[in-house]
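What you are looking at is a predicted structure, and each value in this text was computed from that prediction instead of being measured. When a residue number appears, it is its place in the shown sequence, counting from 1.
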Amino acid sequence: MVAGARKWATPEMVREKVHRRWVDGTLLRAFARGEALIPLEVPLGPPKAAEIGGRFGEVQDWMAALEAGSRDGSRYTLRYTAVGGRRVGRNQIPTHAVVTRFDQAWALLGVRSQVSIFDQMLAEAPDAAVADWLLARPVAALEHAQEWPQILAAYRWLEGARGSGRYLRQIDVPGVDTKVVESHRTVLAGLLGVSRNATSFLHDLGLRTKPEYVRFRMSGSVAPASVTELSVRPEELDGLGMSLTTAVIVENEITYLTLPVPDDGVLIWGKGFDVARLGRWDALREADVHYWGDLDTHGFAILHRLRTHLPRVRSFLMDLETLHAHPRRWGQESSPTGATLDRLTAAEAAVYDDLVSDRYGERVRLEQERIDWAWVLERLPFRPDEA
């Protein structure tokens, strides 16, 4: 080909154009629904009359390649027009490659077997919900063809177990267990119309989730005989009948195990955003509650969330003095939040704003467990239990 010469469409380019309609599901969806194929016309950008004389051999080769690529019309048909003049004569030049039948598209793309597989998947759909899901994403659905029987078996069990309050472990379908459900949870969530989040998936289906627990250490004055620590389901906390003067909530487990327990109270392992469950414990509503979280944006976000349930909670060791006393122990927060937190005190909000704005460095954080222990013990806002 002459250097810098205009290129004309090739059989590969025709295939590429049609392939786009395969990838977006248009072709397979229309075929599965029994709809007529809207002809796909691919412009070939044919040679102009002025090019035919100077590049006659190239034009012949180009036409021969397109005709060979059509496989006698089994992949596409060519539409011609007369081009030329007195100098080179009138020539029939192809202007478009046209796919008018599904079987042409399947032959061009080499997807006959995939079409057959999808037909079988659709035929096995047990209800309209599954059929609609398949038709909405036919090509993506084909990626699950091999495990489709397992997915359908799990779907039938889950659909039948809606609202039963059963554990997923109770699934009793041959060849299907909890691992199968977990590995295909995203697909099953789509089929069932529920959240794909692990916990919400079960909750939306009305299945039982793993129980939550509140873990806490107790001072000698409030603990039952010979017990220093308990792990209790949130809904059972009030049944303990405990009366508390002070409660301290910390995030890090080792800190929880190491920090002294407050006198006449409890030390609670908060475990991040799980602190919301503590709002169910009536004993905390009348106690002096102190919270110590990481000195980063999410630490303040957790404090904000805790205050939606326990408005009087006070923070400690989440101040600028503590932050600036430990510059060599700063780390970086992987994905800081910039959410509006309107339940912070003025002092807390100022520290939070400094962190969000990177005032002291990029994504600065001071994790709870990196604060000097002597510094911690000197600034406890409660009286330790001496029992």
Side-chain angles (χ1 to χ4, degrees), residues 163-170 198-200 202-203 206-294 298-318 343-345 348 368-369 376-377 379-387:
S164 66
R166 301 168 74 182
Y167 280 111
L168 183 59
R169 181 65 183 84
Q170 293 173 271
T199 301
S200 298
L202 298 174
H203 182 270
L207 299 180
R208 189 171 299 179
T209 57
K210 185 172 68 173
E212 298 176 339
Y213 290 92
V214 174
R215 183 179 172 189
F216 56 95
R217 295 167 56 211
M218 300 162 285
S219 66
S221 59
V222 302
S226 304
V227 176
T228 61
E229 185 176 18
L230 289 174
S231 185
V232 180
R233 294 188 182 190
E235 62 271 19
E236 297 173 350
L237 286 168
D238 289 337
L240 297 175
M242 298 178 69
S243 177
L244 305 175
T245 301
T246 307
V248 178
I249 303 168
V250 297
E251 292 305 318
N252 177 266
E253 184 178 18
I254 297 301
T255 301
Y256 159 77
L257 293 171
T258 309
L259 201 68
V261 176
D263 185 35
D264 293 328
V266 294
L267 175 63
I268 305 169
W269 182 20
K271 294 189 287 187
F273 284 98
D274 286 348
V275 294
R277 69 178 61 140
L278 297 176
R280 309 174 198 173
W281 195 357
D282 286 343
L284 296 185
R285 300 182 187 279
E286 303 302 324
D288 290 328
V289 182
H290 305 272
Y291 172 76
W292 176 23
D294 291 331
H298 284 286
F300 285 105
I302 295 169
L303 172 60
H304 166 86
R305 183 171 181 178
L306 181 59
R307 281 203 179 115
T308 63
H309 302 278
L310 299 169
R312 297 190 300 114
V313 66
R314 288 174 285 179
S315 67
F316 67 104
L317 295 170
M318 298 178 70
R343 295 180 183 273
L344 302 183
T345 66
E348 292 163 352
Q368 186 175 93
E369 60 268 35
V376 171
L377 295 179
R379 289 163 176 79
L380 294 179
F382 58 87
R383 187 175 65 185
D385 179 42
E386 297 178 356

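Between the Arg208 side chain and the Gly165 main chain, a donor and an acceptor come within less than 3.5 Å of each other. With Asp294 contributing its side chain and Gln368 its backbone, the two residues share a donor-acceptor pair below 3.5 Å.
Applying the ring pair (Phe, Tyr, Trp, His ring centres under 6.0 Å) definition to pairs two or more places apart or across chains, none involves residues 223-244. The ring pair (Phe, Tyr, Trp, His ring centres under 6.0 Å) contacts involving residues 218-247 comprise nothing, where partners must be two or more places apart or lie in separate chains. Residue pairs that meet the salt bridge (Lys or Arg N to Asp or Glu O under 4.0 Å) test with at least one member in residues 234-248, sequence neighbours left out, do not exist here. Under the salt bridge (Lys or Arg N to Asp or Glu O under 4.0 Å) criterion, the residue pairs touching residues 299-313 are Arg307-Glu348, with sequence neighbours excluded. Listed by first and then second residue, the salt bridge (Lys or Arg N to Asp or Glu O under 4.0 Å) pairs involving residues 210-222 are Glu212-Arg277, Glu212-Arg280, Arg215-Glu229, Arg215-Glu253 (not counting sequence neighbours). Among pairs with a residue in residues 207-255, those fulfilling ring pair (Phe, Tyr, Trp, His ring centres under 6.0 Å) read Phe216-Trp281, at least two apart in sequence or across chains.
Partners of Glu369 according to the salt bridge (Lys or Arg N to Asp or Glu O under 4.0 Å) rule, which considers only residues two or more places apart in sequence or in another chain, do not exist here. With sequence neighbours excluded, the residues that form a side-chain hydrogen bond (donor to acceptor under 3.5 Å, both in side chains) with Arg285 are Asp282. Residues passing the side chain to side chain contact (heavy atoms under 4.5 Å, CB included) test with Thr228: none are found, sequence neighbours excluded. Under the salt bridge (Lys or Arg N to Asp or Glu O under 4.0 Å) criterion, Arg379 pairs with Glu321, not counting sequence neighbours. Contacts of Arg343 classified as salt bridge (Lys or Arg N to Asp or Glu O under 4.0 Å), with partners at least two apart in sequence or in another chain: none.
Leu303 and Ser315 make their closest contact through CD2-CB, 3.9 Å (heavy atoms, listed as atom of the first residue, atom of the second, distance). For the residue pair Val222 and Ser243, the shortest heavy atom distance occurs at CG1-O, 3.8 Å. Closest of all the heavy-atom pairs between Leu284 and Val289 is O-CG2, 3.5 Å. Of all heavy-atom pairs between Tyr167 and Thr209, the closest is CE2-O, 3.7 Å.
Remark: Gln170 CD is packed, more than 12 non-hydrogen atoms of other residues, nucleotides or ligands lying under 6.0 Å away.
Within the 4.5 Å cutoff, no side-chain heavy atoms of Tyr291 are placed close to those of Leu310.
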Hey, can you pull the donor-acceptor pairs under 3.5 Å for the side chains in residues 258-270, sequence neighbours left out?
from: Thr258; atom 1: OG1; to: Ile254; atom 2: O; distance (Å): 2.6
from: Asp263; atom 1: OD2; to: Arg383; atom 2: NE; distance (Å): 3.2
from: Asp263; atom 1: OD2; to: Arg383; atom 2: NH2; distance (Å): 2.4
from: Asp264; atom 1: OD1; to: Ser221; atom 2: OG; distance (Å): 2.7
from: Trp269; atom 1: NE1; to: Glu251; atom 2: O; distance (Å): 2.8

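Within the model, atoms CD1 of Ile249 and CZ of Phe316 stand 9.5 Å from one another, a figure rounded to the nearest 0.5 Å.
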- From CA spacing to verdict: side-chain contact (heavy atoms from CB on, under 4.5 Å), Val227, Met218: CA-CA 8 Å; Val227 176; Met218 300 162 285; 3.6 Å; yes
